[in-house]
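Some notes on the structure that comes next.
Just so you know, ligand 1 is whichever comes first in the structure, and atom 1 is the first atom listed for that ligand.
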Amino acid sequence: MKDAAPAFDCRRCGECCQGRGGVRLNEEEAGLAAAVLGISIKELKRRYLADGSPPWDILCGEDGFCLFSQRDGTCRIHQAKPAVCRAWPYLAGPLKVESAFQEAKSACPGLRRDLGWDEFKEAAQKRHQS
Ligand code: SF4
Ligand code: SF4
């Protein structure tokens, strides 16, 4: 019998990189991101981050997408992307509230179309253990 399709398989559509706020870099992540881009932290802050104290909001372009988002759906700072981006779609909200899971499923084509909330939570646990 063929194995079931995975609960989550990113399609690199980039939809989750649209600026709805809440994507921030802390000081350590900013240092890593600057190193990945080969620029100083000062330059990183000037070009990509909101003013203020850390964690800093990552700015969005006029198209509403995070400034690190690329046209092919990949992230320019993939190796240093913030924890929230690494954890997606297994975030606290969708893991705790079923309606938030349904919203995430509507927004993210990488979540299998017939995926149920229980299976989603199991997949999150397996990922956490691996
Ligand atoms: S919305 Fe889902 S499928 Fe699209 S890039 Fe984000 S994680 Fe991947
Ligand atoms: S940091 Fe990368 S993964 Fe996170 S929202 Fe921006 S482009 Fe997307």
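- The side chain to side chain contact (heavy atoms under 4.5 Å, CB included) test with Arg47 is passed by exactly one of Leu59, Leu67, Ile39: Ile39.
- By the criterion of side-chain heavy atoms lying less than 4.5 angstrom apart, applied directly or through intervening Ile, Leu, Val, Met, Phe, Trp or Tyr residues, Leu91 is not grouped with Phe101; the two fall into different hydrophobic clusters.
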Just distance, no hydrogens or angles: give the donor-acceptor pairs under 3.5 Å from side chains in residues 5-12, sequence neighbours left out.
unit_1: Arg11; atom_1: NE; unit_2: Asp9; atom_2: O; d: 3.1

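- Within ligand 1, counting atoms from 1 as listed, the ones closer than 4.0 Å to a heavy atom of Cys108 are 1 (S), 2 (Fe), 3 (S), 7 (S).
- Closest to atom 8 (Fe) of ligand 1 among all protein heavy atoms lies Cys10 SG, 2.4 Å.
- For atom 6 (Fe) of ligand 2, protein N, O or S atoms under 2.8 Å: 1 in total.
- In terms of hydrophobic clustering, with Ile, Leu, Val, Met, Phe, Trp and Tyr side chains grouped at heavy-atom distances under 4.5 Å, Trp88 and Phe65 are assigned to different clusters.
- Counting the atoms of ligand 1 from 1 in the order shown, those under 4.0 Å from a heavy atom of Gly14 are 4 (Fe), 5 (S).
- Judged purely by atom type and a 3.5 angstrom limit, Arg113 uses its side chain to pair as donor or acceptor with the backbone of Lys105.
- Taking 2.8 Å as the criterion, Cys16 counts as a coordinating residue of atom 6 (Fe) of ligand 1, since one of its N, O or S atoms falls below it.
- Checking Glu15, Lys105, Arg11, Gln18 against atom 3 (S) of ligand 1, the nearest heavy atom belongs to Arg11.
- Each of the following atoms of ligand 1 lies closer than 4.0 Å to a heavy atom of Phe8: 7 (S).
- The backbone N or O of Asn26 sits less than 3.5 Å from a side-chain atom of Glu29, completing a donor-acceptor pair.
- Contact atoms of ligand 1 toward Gly110: 3 (S) (distance under 4.0 Å to a heavy atom of the residue).
- For the pair Arg76 (side chain) and Gln70 (backbone), a donor-acceptor distance under 3.5 Å is absent.
- Taking 4.0 Å as the cut-off, Gly73 does not count as a neighbour of ligand 1 on heavy-atom distance.
- Scanning all protein heavy atoms for the shortest distance to atom 4 (Fe) of ligand 1 gives Cys13 SG, 2.3 Å.
- For ligand 1, the atoms closer than 4.0 angstrom to any heavy atom of Trp88 are 2 (Fe), 7 (S).
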